[in-house]
Amino acid sequence: MSVVVRFPPSPTGYLHIGSARTALFNWLYAKRMGGKFLLRIEDTDQARSTPEAVAAIFEGLKWLELKWDNDPVPFQMQSQPRHAAVADDLLRQGKAYYCYCSPEELEAMREEQRARGDMIRYDGRWRDRDPKEAPAGIKPVIRLKAPQTGATTIHDQVMGTITVQNSQLDDMVLLRSDGTPTYMLSVVVDDYDMGITHVIRGDDHLTNTFRQVQILQAMGWPVPVYAHLPLILGPDGQKLSKRHGAPAVSDYRDRGYLPEAMRNYLLRLCWSHGDDEIIPTTQAIQWFDLGHIGQSPARFDFAKLDSINAHYIKHMDDAALMEAVRPFVQKHLARPLSAAENEKLLAAMPLFKPRIKTLVELAAATAFLCQPPVLDDDAKALLTAEALGHVAALSEQLMTALVWDSASLEGMFKHYAAEKNIKMPQFMPALRALVCGTPHAPSLAALLTILGRDESVKRLGAHAL
RNA sequence: GUCCCCUUCGUCUAGAGGCCUAGGACGCUACCCUUUCACGGUGAAAACACGGGUUCGAAUCCCGUAGGGGACGCCA
């Protein structure tokens, strides 16, 4: 049997990073097994669903390069009639019933249960009652006539075999009084209709699973394989939220993380392959399995994400990296890049890519190649009278240098130091400060080569008085 | 409150009864390299939540305690 998995987000906001991890695991499993990865928009909560949120889901998945295999993507609202038909079917079979409780009546019931310290659950008061006794003016809901004795067991691929006594579960609502299906009904029906074989989702759905299995059993449908992933927590161990700064997938894109690095980091949260840390996606597809998913929640660690991102940037092809960083540079400069600037930056990629962690940092670190540097305080502090004297002397030499390449310039600096019988640190930091605007930069000779003679001399001359 | 799940260095994790003097990675830290900052290299510190069992032997199996998380909606 071929594997079919799905990712069913509800469009009520941004695409959460935890959801993205769930999407990734589903996608990897489909790839690994040669199966299908289906997307479905769960928009049955019409009050909270928005087109913007739908767009954010598509965008987020595209950015992460997780392609879904079904286009057009189904929206759950479209199959509402089908869901209602299933509820009716259960009603006819005597496996479901009308409940005429008003919301107020239910609230009163729960309040009483709370007061007594009982379990909070629907007590089945309409389960065996004659619908003829229905009060006027109340539109009923349809509830599942769930088994009251025995137990329901699931064999979760991550959490193991779990059993819950049916007495713990109540008769859940299948169809609301306005005729729309609840989440419990619609997931089960849609998963069945789409031929889903494996349900891989967040741990927060674990207890829902027992209810869903009861619906499946009532309909006589096969139970899919379940795998519940532990949640991703914030750095403080609490639920990951806006408080932690970056709950949305788009936040990571904007902060200059690479999609491949995100996939690698997210993969290593709750999943492992021995001691391997750097796992490119092509490799992950060959290794991924349900058996090595951990059972405990993981905290999000930005420092580790940074280090993985740095690794992928360092090993990225220069041209591809230039493409990736261009929007960030343009944003930093607040203007488009000229062809000449593009060339300069491309040439600078090998110099900068081992030293930064994100595309945002890369853009900031290379901006001085495209505009005159503004000297920061650390840079200014290096401009002592003595150092500036050397700068003036070197400026002269640079103007008349016969060859303008990295090795020659390097030689010139060394020769100058030897000639004057001084150390490189006595003048190099000042040169660097004037050219780059900061004391921290790659090899100066290489930078001057990229910058060109005119611009280099101009920057030195402007201050070397 | 009830039910369910979880618990190895600060963090992510390896670990399927003897290979564990508990390994790796990030972070932290010391040193080396060095024209600065990085990169890189070599080291250091750092964990089996606690208490009982089972066993010749337990991080690994069982029970309890504590802590954390999740679920208890006509939300998904």
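Sequence lines set the chain letters: A, B, ... in the order given, protein chains first and strands last, and positions in each chain run from 1. Heavy-atom basis, side chains included; hydrogens, waters and symmetry copies ignored.
A:Val141 approaches A:Ser177 most closely through the heavy-atom pair CG1-N, 3.5 Å.
Residue contacts for A:Arg48: at a heavy-atom cut-off of 4.0 Å it reaches a base atom on one of the strands shown. Using a 4.0 Å heavy-atom distance criterion, A:Val141 is classed as a base contact.
Applying a 4.0 Å cut-off to non-hydrogen atoms, the residues of residues 256-269 of chain A that approach RNA chain B are A:Arg268, A:Leu269, listed by residue number.
Between B:C74, B:U36, B:C3, one nucleotide has an atom nearer to the side chain of A:Gln168 than all others, and that is B:C3. Proximity note for A:Ala303 (side chain, C-beta onward) versus B:A76, B:C26, B:U13: the nearest is B:C26. Of the candidate nucleotides B:U2, B:A14, B:C74, B:U2 has the atom lying nearest to any side-chain atom of A:Met119. When the nucleotides B:C74, B:C3, B:U13 are ranked by their closest atom to the side chain of A:Ser272, B:U13 comes out on top.
Residue side chain A:Asp203 does not reach the base of B:G70 through any donor-acceptor N/O pair under 3.5 Å, judged by distance alone. Taking 3.5 Å as the limit, the base of B:U36 and the side chain of A:Thr438 contain no donor-acceptor pair of atoms between them.
Taking the six-membered ring where the residue is Trp, the centroids of A:His198 and A:Phe25 are separated by 6.0 Å or more.
Residue A:Asp301 contributes atom CG, which lies 11 Å from atom P of B:C28 at whole-angstrom precision. What separates CD of A:Gln238 from C1' of B:G68 is a distance of 9 Å, to the nearest Å.
Looking at heavy atoms from C-beta onward, A:Arg459 lies in side-chain contact with A:Leu451 at the 4.5 angstrom threshold.
Across the strands present, B:G67 finds its partner in B:C6; the criterion is a Watson-Crick or G-U wobble pair with both atom distances under 3.5 angstrom.
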Under 3.5 Å, which protein N or O atoms sit close to an N or O of nucleotides 39-41 of chain B? Give each pair with its distance.
unit_1	atom_1	unit_2	atom_2	d
B:C39	O3'	A:Lys314	NZ	3.1
B:G40	OP1	A:Lys314	NZ	3.0

Every protein N/O within reach of nucleotides 47-51 of chain B N/O, cut-off under 3.5 Å:
none

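Note on ring orientation: taking the six-membered ring where Trp is involved, the planes of A:Phe413 and A:Phe427 are tilted (angle from 30° to 60°).
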